[in-house]
> 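Once you've had a glance at the structure underneath, I'll fire off some questions.
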Protein chains: 2
Amino acid sequence: MSGTRADAGATSDAARQEVDPLALESQVCFAITRASRGIVAAYRPVLEPLHLTHPQYLVMLALWQESPLSLKELSSRLALDPGTLSPLVKRLESTGYLERTRASEDERSLAIVLTDTGRALRERAQAVPGIMRERLGMDEDDVQALHAGMMKVVELAARSEQGGPAEI
Amino acid sequence: MSGTRADAGATSDAARQEVDPLALESQVCFAITRASRGIVAAYRPVLEPLHLTHPQYLVMLALWQESPLSLKELSSRLALDPGTLSPLVKRLESTGYLERTRASEDERSLAIVLTDTGRALRERAQAVPGIMRERLGMDEDDVQALHAGMMKVVELAARSEQGGPAEI
DNA sequence: CACCAATGTTTGGTGCACAAATCCATTGTG
DNA sequence: CACAATGGATTTGTGCACCAAACATTGGTG
C-alpha cells in the first residue's frame, strides 16, 4: 500500500496521457463488483456447513440482534428489497431457523421469529468472523479500514440516488 | 468458555469490549455487498439510455478493447462464469450490439464481434466515467485509492480460494 | 357504517451469478 | 481410421436482486 503519490504535484502530465478512460481494468465499478463477488465466494465454504448462503447469513445476523422483526424492518436494515427478502425468508423458514407468524397487533405485518435451532446456530456462527479474517489474511486494522472505506462508498452511492436518467 | 481472549495487547482495552463480533453493522462483508449494489444502482440511470445493464456495460468495455473475443476469453477477463455470460451475450446480440459467430479455425469457440452499432456506442459511452465520477462526487484521487483498495481485496479473496469447506 | 387511502406483503417479470451436467468439435493415441 | 479424452459453449437448477403491480389489512372520514 504506502501511497506512492510522492510527486503528485500536477497530475504528472505526460505520465497518464495514454490512459483509456474506458479501459476495463481501470474501472472502479468493475473492481468493486469483483471484490464483492470474491468476498461472497470466500464466505461460501465457511457458511455451507451452517446451511446458509451469504444473504441468509446477513438475515440471521439481523435476527440475532433483535428477534421479532417485520419484513419491512428487515428490508430496511439490510437495504434489500422486500421482494428479495420474502422468498429468502421463506427458505430460512423451510430450513428451520425461523418462523413467519403475523403480528398480533397488526395482521398486515410479519413477525419473523427465531426458532430454537435458529437461536442455537448463533453459537457456531461466533466462529465465522475470526475464520474469515484468517482466511483472507486480514488483521483487525485492515478490517476497520476496509469497513470505513466501504461505508463511505455506500454513503456516496446513496447520496447520488437523486439523479434521474442521465441524458448522454 | 475461555473465549474472551482478555485485553490483548493493543486492542485499546476498554474501548471495544462491548462490541458484538456478529453485529450486522460491523460486518465488512455486509458493507462491501451494500457498496457494490449501491454502485451498480448508481450506474443504472446512466446506462439505461444506452440500453445496457451494468454487467453488459462491462462486456462492452472488454469488446471495445479487443473485438473478436471468445466466450472463454471474455469469461476470464471479467472473472465471470461462462454459464453467466452465455445468455448475457445473447441478450447483447438481440439488442444489436454484437454478433455471435463461430471461429473459423476452431468451430468450438465463439467469435464475438461488435456490430457497427456496438462500435458506435463507444462514442456515447465515453461520457460515462466522467458522469459517474461527478454523480458520486469523487475526484481522480478518490477513484485511484478506491480502485487500489478493491484490487487488494480481489487479491486476498482470490488467494483464499484454496481453503476447502471449513469445519465449524 | 361504508368507502377510501395508507401500509405491508406477495407475485410476476427480467436479469445476474454460480455449479453441475450436457453437447459437440477437436485432438491425441493405439 | 476408430475411439477415447479434452476443451469450449450451452443448458438446467437454485438463489439473489430489483421493479412494478396486485392483494390484504388497517385506519380514517363522510
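None of the values given here were measured: they were computed from a predicted structure. Computed from heavy atoms alone, side chains included, the values below leave out hydrogens, waters and symmetry copies.
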> Take the angle between the ring planes of B:His54 and B:Tyr43 and call it parallel below 30°, perpendicular above 60°, tilted in between.
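If you compare the ring of B:His54 with that of B:Tyr43, the planes turn out perpendicular.
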
> Taking only the side-chain heavy atoms of B:Arg108 (C-beta and beyond), determine which of D:dT6, D:dA9, C:dA19 contains the nearest atom.
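Nearest to the side-chain atoms of B:Arg108, counting from C-beta on, is D:dT6.
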
> With a 4.0 Å cut-off on heavy atoms, is A:Thr84 in touch with a base, just the backbone sugar-phosphate, or nothing at all?
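Base, at least one base atom sits under 4.0 Å.
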
> Pick the nucleotide of DNA chain D nearest each of A:Arg91 and A:Glu105; which residue has the one closer to the 5' end?
A:Arg91

> Given B:Leu24, which partner from the list A:Leu63, A:Val59, A:Leu78 fulfils the side-chain contact (heavy atoms from CB on, under 4.5 Å) test?
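Only one option passes, and that is A:Leu78.
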
> Could you tell me how far apart A:Glu107 (CD) and C:dG8 (C1') are, to the nearest whole angstrom?
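So the two atoms are 12 Å apart, to the nearest Å.
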
> Any salt bridge linking B:Glu140 with B:Arg133? Criterion: basic side-chain nitrogen under 4.0 Å from a carboxylate oxygen.
yes

> Rounding to an integer number of Å, can you tell me how far B:Ile112 CD1 sits from D:dG8 P?
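Nearest whole value for this atom pair: 14 Å.
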
> Over all strands shown, is B:Pro82 touching base, sugar-phosphate only, or nothing at heavy-atom distances under 4.0 angstrom?
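Result for B:Pro82 = base.
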
> Given D:dA17, is OP1 or OP2 found less than 4.0 Å from the side-chain N or O atoms of B:Arg44?
no

> Indicate, with yes or no, if B:Met60 and B:Leu80 share a hydrophobic cluster defined by side-chain heavy-atom contacts under 4.5 Å among Ile, Leu, Val, Met, Phe, Trp and Tyr.
yes

> OP1 or OP2 of D:dT10 sitting under 4.0 Å from any side-chain N/O of B:Arg100?
yes

> Is the phosphate of C:dG15 approached by B:Thr53 (side-chain N or O, under 4.0 Å from OP1 or OP2)?
no

> Would you indicate, yes or no, if D:dG7 has its OP1 or OP2 atom less than 4.0 angstrom from a side-chain nitrogen or oxygen of B:Ser109?
no

> If you find the nucleotide of DNA chain C closest to B:Gly83 and the one closest to A:Leu71, which residue's nucleotide is nearer the 5' end?
A:Leu71

> Starting at atom CG of A:Asp81, determine the distance to atom P of C:dT10, rounded to an integer number of angstrom.
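Rounded to whole Å, this separation is 13 Å.
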
> Any chance you could measure A:Gln27, atom CD, to A:Thr33, atom OG1, to the nearest 0.5 Å?
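If we round to the nearest 0.5 Å, A:Gln27:CD and A:Thr33:OG1 are 10.5 Å apart.
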
> Between A:Lys72 and B:Pro87, who's closer to the 5' end of DNA chain C by nearest nucleotide?
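Closer to the 5' end of DNA chain C: A:Lys72.
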
> To the nearest Å, how far apart are B:Arg102 CZ and C:dT26 P?
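In whole Å, C:dT26 P and B:Arg102 CZ are 10 Å from each other.
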
> Picking from D:dC16, C:dC18, D:dA9, which would you name as closest to the side chain of B:Ser70?
D:dA9

> Choose from D:dC16, D:dT11, C:dT10 the nucleotide whose nearest atom is closest to any side-chain atom of B:Lys90.
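Ranking D:dC16, D:dT11, C:dT10 by closest atom to the B:Lys90 side chain puts D:dT11 first.
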
> Nearest whole Å is fine: how far is C:dC23 C1' from B:Leu110 CG?
14 Å

> Measuring to OP1 and OP2 of D:dC16, would you say a side-chain N or O of A:Arg37 lies under 4.0 angstrom away?
no

> Grab the CD-P distance between A:Glu73 and C:dG8 for me, whole Å please.
10 Å

> For the pair made of CG in A:Leu58 and P in D:dG15, what is the distance, rounded to whole Å?
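My rounded result for the distance is 17 Å.
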
> Rounded to the Å, how far apart are B:Leu92 CG and C:dG15 P?
11 Å

> So, A:Lys152 and B:Asp142, do they make that salt bridge, N to O below 4.0 Å?
no

